Amino acid sequence: MLANRLHSQLEPQSQFAADLDELSLLLHDDDWISADRLTATLLRQAVESQLQNSPAQQQRANRRSLLTPETIAALPCQLLHALDDRWQQASGGHFGFSVQLQIYDEILATTEFDPSLRNWMTPHPFLSEVGWLMPLPLRPVGFLKFYNWLEFDLDAPMGHLPALWYWQVPGLYSLQMGGFLTGQGAGFGDLARLDAMLLRIARCHQPGQ
Amino acid sequence: MAESVKFRITIVDPQFKSDDVVTEVRYLIEDLRDLEGMSQIRYEPVTEIRDIAEIRVGVQFEADSDRLSSILRRLRDRLYYNPTTTFIQIRIAAITLKIQTDSAEDLMSLMSATQSGELFAPNRDYLAEAETYSRTQGELSPTELDNLNLLRQRLGLSVEQAEVLNAKATGPFTSQAQKRRHFDEITQAEFSRLWAMVSDPPFALKDPDDDHWPVLQELAENLGVPMAEAETIYQKHQQRYRDDMSLKAQQVSAKTFESKQLAAEAKAEAARQEQAQQVQEQRDQYQALCHEVMANDLYPSEYDQGRLDQARRLRNISVDEAIAIETEVRDGLYGSIASAAGVDYNRLRHCLRQQAWEAADLETEIAILAALQQGQQPLIAATVSRLPAIDLATIDGLWSRYSNGKFGFKAQQQVYRSQQQIQPDEQKRWLDFLQVLGWRDEPTWFYRGFKPYRDLTFSLEAPQGHLPTWRWGCPSLSPRYSPSIEVVEVVMAHLNHSMPLEAAAVLAPTQTLMMGGLASAS
């Protein structure tokens, strides 16, 4: 990891290209889970270098390498485009941020959902649409699947992946969300983070980005 | 004084026969005898041999010089009534006058000469001397006068007579200085006459040499002014005349040049003005047409675009200018979309005109993120200064224009200012601000009142300053839209700096009026 970071500082462009090549390889091998992990890693790395650039933020956010709404809002569009592009190509438009954004926008436009309901029993329809919700009423509805319960193949619902960027949350936060130190797994979906990522994707879709 | 004058008068008319001549002589003697004081004179006959007989052809006698004029008058009268060729010889001292004539007029001049007494010795001699003197220097010097005085005494002339003769010899101008002055005056008069002739328009330069010098030369001769001096005087005047002439010519040419130039300038200026006016008229007409076609819609229909294009060609307006006019008209009708960051506000304006508030709000975010040039990252404290005042004013102007002042940054500024006055605590002021704008509901015991972006009110029923939202300063809009306290602080500071409220307060009434006008027009 450290070596990787040093390397990326020395040759950021070529490192970026190499990472993307690796992602492409994984995706074409249908190794969806490794590809999802690499995607989450690349996003975390971007957040790290972002925090390095602004030390003031780094101190405040000592939950390091985490995708919070603030850090998501500052993710480089170039990276998001590159990741999205490879996911879409490999999955034939089945997976990727753009697909997720499309679903999100459609759901918001068509279904009546009030995110301010503060009713934890009512999950966000997007979560069920992309198949992230716990299928069994093991606990009251509205909880997310454990990460390893996700489907890592093209039979999964549209927009099912990438997902790890959403599941990776610190332990305490996981507990707050109702999980068992399992990230988002078995917890309520953090709608602010979800919205932040999809808003970021939408903003990056503006022409010229 | 009296002097003896010898006469010899003979009849020499060739038409007369001998008898006629004798008769004529007899009559002549009788005529002469009739004159006063002439009866005592001895008339000696003059004989001539003609046709072998000696006949009297004339008479000769001596008479006093006093009688001379009466004798001459009688002879003249005779010739007047009876023109007979007569030979008259008059000898006065050393002078002998001979005259042969048959006309009375010839004697007249002789009579006038005799009457002045110049023919007689003392006067004549004196006059001759005086004239000689006056000719030599043009005037009588004291010495010469003295000499003349001596001569007068010798000749026995009276002082009065001498003076008369002196005056005669010298002419009307007694001294050389006077003569010169006179010549000078005359020359001057001559040149002034010439000047008067030429100086009236049309002005023509005329050289004086041709006509004037010979006449003036004669005058100088007559006056007895030495030719050299006369020429000097003449040349002096001529020079002055020429100087005047060239000066005048210069003035005239300068004047004409100047007036020509002035005229040309005035003409050019008039032409320029006319052209400018024409261009302005063309522009105004085009502008009026723009107004007409844009009165109902931001962008003219295809038909109207054709009309505009035709009008543009017809009025010789360049494409750039036409675009400028159209933009001006559109901005006037629908609000300015000036930008210092190169952002295109056309879509925002269009959305606001359609009262599509939510779309306009999204367009506002797009515009502001474009103006920030920060890779579409939402606004944070570090980047707020990138927003140019012009763009903020444009966005505010458009929102406020189409919401009758309800929406826009100024409305939000006013709300914030009133909050500042009543709420000193920053945290509480922030929450109150969001609440007054309607971005946050009344908080309850376990609910802080934040709501998602999509639950905001996108209509004119919204509270004052509700729109535009500051979604461009938020990382996420759901489940709660809540610009952070930092963003609110820095944006408000930036707005107060870029568009001070004091200026807005002055502008507000006109803006409201304008909006009212627009509303009533539509």
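Lettering of chains follows the sequences in order, A, B, ..., and the numbering in each one begins at 1. Quick caveat, the model's predicted, so the values are computed rather than measured.
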Do you know which two heavy atoms are closest between [X] and [Y], and how far apart they sit?
X: A:Ala73; Y: B:Pro475; value: CB-CB, 3.5 Å
X: B:Arg471; Y: A:Leu199; value: NH2-CD1, 3.7 Å
X: B:Gln377; Y: A:Ala74; value: NE2-O, 3.3 Å
X: B:Ile366; Y: A:Gln206; value: CD1-NE2, 3.4 Å

Distance in Å, B:Cys474 SG paired with A:Glu70 CD, rounded so as to fall on 0.5 Å steps: 10.0 Å

OG on B:Ser478 to CG on A:Asp195, rounded to 0.5 Å: 4.5 Å

Within-4.5 Å side-chain heavy-atom neighbours: A:His124 and B:Pro479: no

Assess whether atom [atom1] of [X] is packed by more than 12 heavy atoms of other residues, nucleotides or ligands within 6.0 Å.
X: A:His94; atom1: NE2; result: yes
X: B:Arg347; atom1: CZ; result: no
X: B:Glu489; atom1: CD; result: yes
X: B:Gln427; atom1: CD; result: yes

Side-chain donor or acceptor of A:Arg200 paired with backbone N/O of B:Gln376 under 3.5 Å: yes

Side chain, backbone, both or neither of B:Leu369 within contact of chain A (heavy atoms, under 4.5 Å): side chain

Portion of A:Ile72 that has a non-hydrogen atom of chain B nearer than 4.5 angstrom: neither

Chain B contact via A:Leu75 - which portion, at a heavy-atom distance below 4.5 Å: neither

